[in-house]
Number of protein chains: 2
Amino acid sequence: MPAAVSELTDHLGYWLRIVSNHVSYAFARRLSDKDVTVAEWAMMRMLFGRGPVAPSELAMKMGLTRGAVTKLADRLIGKGLAAREEGQKDRRTQTLRLTARAEALVPELAAAADQNDLEWFGSLPDGERRALERILKTMAARLALTSIPVD
Amino acid sequence: MPAAVSELTDHLGYWLRIVSNHVSYAFARRLSDKDVTVAEWAMMRMLFGRGPVAPSELAMKMGLTRGAVTKLADRLIGKGLAAREEGQKDRRTQTLRLTARAEALVPELAAAADQNDLEWFGSLPDGERRALERILKTMAARLALTSIPVD
DNA sequence: TATTGTTATACTCTATAACTATA
DNA sequence: TATAGTTATAGAGTATAACAATA
């Protein structure tokens, strides 16, 4: 007896994607008030409160290729939110840092992220929210091992 | 006393996005063996085992604009996986259907989706998997109401 | 006028690969 | 040769807006 052809909704991956997309989209709309994208926020938060950081470090920590980091950094620089500087010792290296304006903006963006989380997860019963957090973090830990090395 | 600036990892939305992206990416890699993308799979599954379907119906059910449906359909047609036909009564309407090759392919893609789900969620304890499913479906139901109407 | 679908355009996100400068 | 970063190119995914045909 042949198994039935499974439907989209038969997969947890489907529900995960649907919910994640909506939550991220809602967050993107909040950020767009400040003319910042989700990827830009992520990079800005990585740079916040730190000195100059090498693009290669960002690539590693954000799971992006170096090319992607360059492009994202270009956009931040174009918006006056980041600056590029030459490395001192090794002249191949560059560093990225936030501008003063960006340093002032990050707390607002963080507040937007807090609000978004509250909007989407705030009404979950405490037990469920904790369960969700535990499951996601467990899975994230596992996929950090499995993950295909970028670049 | 000012609240600390929250970090990326302080948000459930962050973990949701990380995990969802990895699961979807892994699925995309499976599908790419068959030269199909995740969005194409979703549309194919919507069309599978059905007669001709109007693009507008697909747009509604998939949460896409009509323009996005046209573009996705164009790609399926280009790959020989779907066909476009004129509507009968109302001559403004078009319909989409799968080709025979696509009908034969969908069960393979469904099996790939099953495998992917098994790989990523199969090792969760039963209770956790059920909890995750329940939480995601509850959230999905809620956002179906909240969701910004497309188009 | 309203509706169905397509087309044109644009932008984000991401990758791969070639290239430059330096080590 | 190897490494850090940039540049060039490409493609998925999605949107908005203008348009054509039809109702």
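Just so it is clear: chains get the letters A, B, ... in the order the sequence lines come, proteins before strands, and each one is counted from 1. Note that these values count all heavy atoms, side chains included, but never hydrogens, waters or copies made by symmetry.
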| query | Considering residues, nucleotides and ligands other than Glu86(B), do more than 12 of their heavy atoms fall under 6.0 Å from its CD? | reply | no
| request: Take Asn21(A) and Thr95(A), find for each the nucleotide of DNA chain D with the closest heavy atom, and name the residue whose nucleotide sits nearer the 5' end. | output: Thr95(A)
| field | Main-chain N/O of Gly87(B) paired with Arg92(B) side-chain donor or acceptor, under 3.5 Å | value | no
| When we call it a touch if two heavy atoms are under 4.0 Å apart, what does Gly87(A) touch: a base, just sugar-phosphate, or nothing? | nothing
| How would you list, by chain and number, every residue that makes a side chain to side chain contact (heavy atoms under 4.5 Å, CB included) with Glu128(A), sequence neighbours excluded? | Leu124(A), Pro125(A), Arg134(B), Ile135(B)
| field | Atom-pair distance (CD on Glu86(B); P on dT4(C)), nearest Å | value | 16 Å
| request: Would you mind telling me which of Val23(B), Asp117(B), Leu118(B) makes a side-chain contact (heavy atoms from CB on, under 4.5 Å) with Leu12(A)? | output: Asp117(B)
| message | Minimum heavy-atom separation for Leu96(A) and Ala73(A), please, with both atom names. | response | CD1-CB, 3.7 Å
| query | Counting just side-chain N and O atoms, does Thr37(B) come under 4.0 Å of either OP1 or OP2 of dG13(D)? | reply | yes
| Nearest-Å distance for atom pair CD1/C1', residues Ile77(B) and dG5(C) | 12 Å
Provide a list of protein-nucleic acid N or O atom pairs under 3.5 angstrom, restricted to nucleotides 9-11 of chain D.
residue: dA10(D); atom: N6; partner: Lys71(A); partner atom: NZ; Å: 3.4

| note | Of dG5(C), dT6(D), dA15(C), the nucleotide closest to the side chain of Ala68(A) is dA15(C)
| said: I need the CE-C1' distance between Met62(B) and dT14(D), as an integer number of Å. | reply: 12 Å
| query | Does dT14(C) have OP1 or OP2 sitting under 4.0 Å from an N or O in the side chain of Thr65(A)? | reply | no
| remark: Heavy-atom contacts, protein to nucleotides 18-23 of chain C, under 4.0 Å, summarised as B (base), S (sugar-phosphate only) or - (none) per nt, yield ---BBS
| request: Run through Arg75(B), Arg45(B), Lys34(B) and flag the one making a side-chain hydrogen bond (donor to acceptor under 3.5 Å, both in side chains) with Glu40(B). | output: Arg75(B)
| Inter-residue atom distance Leu109(A).CG - Met44(A).CE, 0.5 Å rounding | 5.0 Å
| remark: Here the distance between atom P of dG13(D) and atom CD1 of Ile18(A), to the nearest Å, is 14 Å
| note | In short, Ala113(B) meets Trp41(B) closest at the heavy-atom pair CB-CZ2, 4.2 Å
| Rounded distance (Å) that lies between atom C1' of dA21(D) and atom CZ of Arg84(B) | 15 Å
| task | Output the single nucleotide from dG5(D), dT6(C), dC13(C) whose closest atom is nearest the side chain of Ser56(A). | result | dG5(D)
| query | What is the nucleic acid contact for Thr70(B), judged by heavy atoms within less than 4.0 Å: base, sugar-phosphate only, or nothing? | reply | base
| To the nearest angstrom, how far is Leu64(A) atom CG from dT16(C) atom C1'? | 14 Å
| field | Gap between atoms CD and C1', on Glu85(A) and dT6(D) respectively (whole Å) | value | 18 Å
| Interatomic distance, Ser24(A) atom OG to Asn21(B) atom CG [nearest 0.5 angstrom] | 7.0 Å
| Pick from Thr70(B), Thr95(B), Asp74(B): which one makes a side-chain hydrogen bond (donor to acceptor under 3.5 Å, both in side chains) with Arg84(B)? | Asp74(B)
| task | Could you pick out which residue, Glu40(B) or Thr93(A), lies toward the 5' side of DNA chain D when each is mapped onto its nearest nucleotide? | result | Thr93(A)
| Atom-pair distance (CG on Leu31(B); P on dA12(D)), nearest Å | 14 Å
